[in-house]
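Take a look at the structure below.
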Amino acid sequence: MDIPYTVEVRRDTGLTNGKIGIWLFLASEVMLFGALFASYILIRTGSPSWPRGDSILNVPLATFNTIVLISSSITMVMAWASLMRRRLGTFRLYMGGTIFLGFVFLTVKYFEYSHKFHDGLFPSSNNFLAIYFTLTGLHMLHVAGGMAVNAYFLGPGSKLYKTNPVWFTNRVENSGLFWHFVDLVWIFLFPTLYLL
Amino acid sequence: MTTDHAADLGDHAADLDKHVRVYLIVFVALMVLTIVTVAIARVHLPLPIAVSLALLVATIKGSLVACYFMHLVSEKKLILAVLTLTAVFFAVLLALPILTYSDGFGTHP
């Protein structure tokens, strides 16, 4: 049985089911990260003293990672725009670039984490590091998840383009929405954890 | 046969070119605002002002990503309604720590 409303929009919502599905999922993600941000505010305001992020964390590396993630958002949206123009080759270039930039982001985080562990700084060391590792760790999992989905669309998933290019374009758009959300979360994590 | 944004954008190359130009402008704006964020932190302002400014810039950046990269400026009302509801619950979630302190119970006089 075919999955309904993957290409045609529903008359009652004006949307495809996939579009509604991804936005509802993102709404739940807002609440997930919102709960952690609320915990961060509670723990920080309840603490008699709190270190500035830049006294413990590596701001230049995090700034570099911010630039990397923002760049990956533009390559992601360009990948989708390429499919709208029915240019599969250009799509592959941009999607490959998005995955590569995600890989660069995770590699930088790996070095950041390694440096902290080497210095004996663990999530159990203090509340600041507990919040830092929880929020950035969860964010890293999202980056890795987004990369896996994007890699699928770059590889075996792209077979769908030959038989149903519109459905494939919709799938890539939904994957892009998740990727941009991950970028959006980092936009808030960067100043609140590293700079303040 | 139509899709959400295929219908909105049309399949015209000129429409897409216009959108791509907007994406590039937003990208440059995000880069500039990232530099502004770091510059604000380097000034070492009093914490309440630093937090307010940092969150203001982050909110502008987040709005640019949501509105243009995630196409919220041209999204259907149902999606906007879902997100409005989410924003209300998100605000309640962030207000909980403030309520915890304003009840005057426990160690806070």
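Since the structure is predicted, the reported quantities are computational estimates derived from the model, not experimental observations. Just so we're on the same page: letters track the sequence lines, and every chain starts at 1.
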N/O donor-acceptor pair under 3.5 Å between A:S39 side chain and A:A35 backbone: yes
Under 3.5 Å: donor-acceptor pair, side chain of A:S55, backbone of A:P51: no
Checking [X] against chain B: side chain, backbone, both or neither under 4.5 Å from a heavy atom?
| X | answer |
| --- | --- |
| A:S73 | both |
| A:T169 | neither |
| A:F190 | side chain |
| A:I43 | neither |
| A:M76 | neither |
| A:R44 | side chain |

Could you have a look at [options] and say which one has the most heavy-atom pairs with chain B under 4.5 angstrom?
| options | answer |
| --- | --- |
| A:I74, A:L177, A:L195 | A:I74 |
| A:V185, A:L184, A:V59 | A:L184 |
| A:T66, A:L24, A:V30, A:T63 | A:V30 |

Between [X] and chain A, with a heavy-atom cut-off of 4.5 Å, which part of the residue counts as in contact: side chain, backbone, both or neither?
| X | result |
| --- | --- |
| B:L24 | both |
| B:L72 | side chain |
| B:V82 | side chain |
| B:L83 | side chain |
| B:L93 | both |

Mutual orientation of the aromatic rings belonging to A:F168 and A:F91 [parallel < 30°, tilted 30-60°, perpendicular > 60°]: perpendicular
Ring geometry between B:Y23 and B:H71 (parallel below 30°, tilted from 30 to 60°, perpendicular above 60°): tilted
Decide yes or no for [X] and [Y]: does some side-chain heavy atom of the first lie under 4.5 Å from some side-chain heavy atom of the second?
| X | Y | value |
| --- | --- | --- |
| A:W179 | A:S72 | yes |
| A:L83 | A:E173 | no |
| A:P123 | A:L129 | no |
| A:K109 | A:N65 | yes |

Worked verdict on A:F188 versus A:H139 for ring-ring contact (aromatic ring centres under 6.0 Å, His included): CA-CA 11 Å; A:F188 282 92; A:H139 180 262; over 10 Å; no
